[in-house]
Amino acid sequence: MAAAGSTRSGSPALGLGHLLTLAILAFACDACEEVILRVPSELPAEKFVGRVNLKDCLKSADIIHLTDPDFQVLEDGSVYTTNSVALSSGQRSFTIWLFNTNSQEEREISVHLEGPVEVLNKRLHTEKVLSRAKRRWAPIPCSMLENSLGPFPLFLQQIQSDTAQNYTIYYSIRGPGVDKEPLNLFYVERDTGNLYCTGRVDREQYESFELTAFATTPDGYTPEYPLPLLIKIEDENDNYPIFTQTVYSFTVLENSPIGSPVGEVCATDKDEPDTMHTRLRYSILQQLPSPPTLFTMHPSTGVITTTSAQLDRELIDKYQLIIKVQDMDGQYFGLQTTATCVITIGDVNDNLPTFTRTTYVTSVEENTVNVEILRLTVQDKDLVNSPNWRANYTILKGNENGNFKIETDPKTNEGVLCVIKPLDHEERQQVTLQIGVANEAPYTREASSKSPVSTATVTVTVTNQDEGPECIPSTQTVRIRENAPVGTTNDGYKAYDPETRNSNGIRYRKLSDPRGWVTVNEDSGSIAIFRTLDREAETVRNGIYNITVLALDANGRSCTGTLAIILEDVNDNGPFIPKQTVVICKATTSSAEIVAVDPDEPVNGPPFDFSLESSDSGVRGMWRLTRINDTAARLSYQNDPSFGSYAVPIRVTDRLGLSSVTTLNVIVCDCITESDCTHRSGERTGYAEVRLGPWAILAILLGIALLFCILFTLVCSVSRASKEQKFLPDDLAQQNLIVSNTEAPGDDKVYSTNGFTTQTVGASGQAAFTTTVGTGVKSGGQETIEMVKGGQQTLDSRRGAGYHHHTLDPCRGGHVEVDNYRYAYSEWHNFTQPRLGEKVRFCHEDDSQKLAQDYVLTYNYEGKGSAAGSVGCCSDLQDEDGLEFLDHLEPKFRTLAEVCAKR
């Protein structure tokens, strides 16, 4: 392409005369070759169009020129488009000029482009030309016999194209059997179009082959469309029909009517469907046992049916059929196969169970239960262990009292007769039962004259037995008046001999007597009172006292009975009040309801009469009883009693005049409900037990929390002060400043946080200060501050006989107090003022004698203070003066006063 491009680029360099020469030669020379290229109607730019053999026209061409600028040709003859080309008229032509400058030879090649329209027109023209003759390029039916014996290769047919008259045509085929599985089974001769098969073909594997034939020219031109070619394989009867099963198993019920379906067999044939090769016919070859013939088979469907209604499982329970299937619609030359069919005869209940005996005789001892007395056997020809064989036994007559039952033994199918309720020889010596039997499944032969139930008669003899005494009824009663005298006799328990119907020879014993109140006579069974009977005892239920008696005969046989002693009530119990503690909540009510009970019968009980049983006029003036109903009264106070507990005796009298006195503990309480009140041992006199309410407990907890907060604050302050180093002058190294914030007149106590020994002086005494700390002194109701320097300062004054010495333990924080004299306030003031001023002057300066930021400020004297005293947490009451007002508080404040009062 590069060479062709260089040639074209060099052509403008040729002279104008040379171009004119080419034009003259172009008109003068003839075309050496004419080429027709079939292309689409539209060609994009740089599209390959076709190839032209340039060397056949001119072996060596220096100049290659095209007359159409929309195309270009390369040195190898390849033709490409330079621009997009549309064949609007269906065709286009151009010429390729070849020129050799050395030999002055020139050639031309005519190129004709034909679009699809032109091709279609030419094809139509060709068809018109050949319409008079037979068209040979068309699908031709072709077939071959399967399993053909050859010889191979086997000629099948010839394919030809009419275009072979104008062109050299090469034939080829593609498809299954050629270039697809099975490979190389077919081939076609390239020049003749003869189609051959190379081997045998099985139709059951390949029914047909769809091939495609092609006709092409040597240069690759295809004058014909691809030709579909179908090769059908003709079927051969080479496959036997096969049953789906080698052995078929069917079941049919005995006594089935004629034509009842038994089962259906099926066979398949691999040969071609809907042909004689696959038209099957079924038949029965043999029946075992053979006579008589009981089954038939439909020849087309293979359905087996019965031909007789005499199938009897009890005679023959299984048949075997040899069946055949044959193709070619059963013709003698058809292929055939056999199979076995086993037919089982199903059982139906066509045989009744029958007793082996019609009468049975047996015996049973009286008073025995749950014993087997007889087994009845039956015969049944139906299938063993099936519902048609299993028997159901029923007692039809003679068991009106329910003394017997009969069940089926599942293993032996026998009827087991049992006694479930004791028989009495004295009542019946013999019992006759009629027993019937039937199968679980219903009987099928409805038209039969036989009854579906077989019966048998059983005679049961009841033998006598020494039964011993009978305790009938098991519970006997006797009435005795409570509180009857000891030794009183009464009727007891009576047992009987069932044979003699009397009590002779029967002995009695007492088995149980919870309270030991009675004794039992061994011979007669009568009872005698051994202890006083009390109807109100715990062991008596609803006025009945039970004892258990054992009765024995001469042979030691026994029975047990219960003697219920009905105790007739006597008015021997006075009514009483069970609830002896009564709470009256004074805040909500002024009375309480009391209820009395009487253990005696209602005839000896209510209505009750309530009265105060006290000669004390104070009790009668304070309490009052009001009747509510027959068994209750209301107790109310009249004169506003104080809170406390009161003993109130109350007499309760029943309707017959029997009474008793109950002393009630009446608690008058400040409460809302009874549960809020705590029982107290005495009145609220100051010694009564105190109960803290929830608010009092909360106040105590808050106080404790406040004390802990104050203590924590003091500890933190002391710790912080100990960590801060203060620089004082050397002469004040042993001095300290103590500030007292007490505002009330305190006692003669000194509190120190340093643990040093202190001394306290009074107003009329004199003492020497030997400590190095300042102490607070109470004088004339005012506490002051003392500063003592190094233990060298003394205060001369008069001192009395008393002396008070303080010692404060640094670890425990406690102190010991000793009486001492007190200084006058003026003396104390004169002594401390100069020293305090000196202390303050040094405190507000630092080490460099400059003003400090944390210096101590001077406070003015505020006077002696009030007479109220301190209310701080550290105040200590020395006496209880002025607390008399607590005795006159309202009831709701008394509890709080008792909590605060010091006992």
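Values in this document were obtained by computation on a predicted structure and should not be read as measured data. What you see below is based on every heavy atom in this structure, not just the backbone, and it leaves out hydrogens, waters and symmetry mates. Heads up: numbering here begins at 1 and tracks the sequence.
The side chain to side chain donor-acceptor pair (under 3.5 Å) with Asp350 is formed by just one residue from the set Asn255, Asn388, Thr444; it is Asn255. Test Asn629, Val595, Val597, Asp598 against Phe608 for side-chain contact (heavy atoms from CB on, under 4.5 Å) and you get one pass: Asp598. For the side-chain contact (heavy atoms from CB on, under 4.5 Å) with Trp517, the lone residue among Ile547, Leu567, Ile565 that qualifies is Leu567.
For the residue pair Thr631 and Phe610, the shortest heavy atom distance occurs at O-CZ, 3.5 Å. Nearest heavy atoms, Leu658 versus Gly574: CD2-N, 3.5 Å. Residues Gly334 and Met328 approach most closely at CA-CG, 3.7 Å, considering heavy atoms. When all heavy atoms of Val252 and Ser256 are compared, the closest pair comes out as CG2-OG, 3.7 Å. Smallest separation of non-hydrogen atoms from Gly516 and Phe530: O-CD2, 3.4 Å. The two residues Ile506 and Ala495 make their nearest non-hydrogen contact at CD1-O, 3.4 Å.
In this structure, the separation between CG on Asp409 and CG on Leu376 is 12.0 Å, given to the nearest 0.5 Å. One finds the CE atom of Met297 at 9.5 Å from the CD atom of Glu264 (value rounded to the nearest 0.5 Å). One finds the NE2 atom of His298 at 9.0 Å from the CZ atom of Arg281 (value rounded to the nearest 0.5 Å). Rounded to the nearest 0.5 Å, atoms CG (Leu294) and CD1 (Ile258) are 10.0 Å apart.
Judged by distance alone, the side chains of Ser363 and Thr463 never bring a donor and an acceptor atom under 3.5 Å apart. A donor-acceptor contact under 3.5 angstrom links the side chains of Asp382 and Asn351, judged on distance only.
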Please step through salt bridge (charged side-chain N to carboxylate O under 4.0 Å, His left out) for the pair Glu314 and Lys381, ending with a clear verdict. CA-CA 7 Å; Glu314 287 72 34; Lys381 296 179 181 180; over 6 Å; no
Could you walk me through whether Asp380 and Asn439 pass the side-chain hydrogen bond (donor to acceptor under 3.5 Å, both in side chains) test, one step at a time? CA-CA 9 Å; Asp380 196 327; Asn439 292 124; 2.8 Å; yes
Please lay out, stage by stage, how Thr489 and Ser526 fare under the test side-chain hydrogen bond (donor to acceptor under 3.5 Å, both in side chains). CA-CA 7 Å; Thr489 60; Ser526 61; over 6 Å; no
Where do Asn239 and Asp271 land on the side-chain hydrogen bond (donor to acceptor under 3.5 Å, both in side chains) test, with the steps shown first? CA-CA 6 Å; Asn239 290 280; Asp271 289 327; 2.7 Å; yes
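Taking 4.0 Å as the cut-off between side-chain N and carboxylate O, Glu204 and Lys270 do not count as a salt-bridged pair. Salt-bridge check for Arg515 with Asp534: failed, with every basic side-chain N at 4.0 Å or more from each acidic carboxylate O.
Under the 30°/60° scheme for interplanar angles, the aromatic rings of Phe355 and Tyr393 are found to be tilted.
Here the two rings, on Tyr319 and Phe295, have centers that are under 6.0 Å apart.
Side-chain contact between Asn413 and Thr408: present, with at least one pair of heavy atoms (C-beta onward) separated by less than 4.5 Å. Using a 4.5 Å heavy-atom cutoff, the side chains of Ile304 and Cys341 are in contact.
For Asn370, the CG atom is densely surrounded, since the number of other residues' heavy atoms within 6.0 Å is greater than 12.
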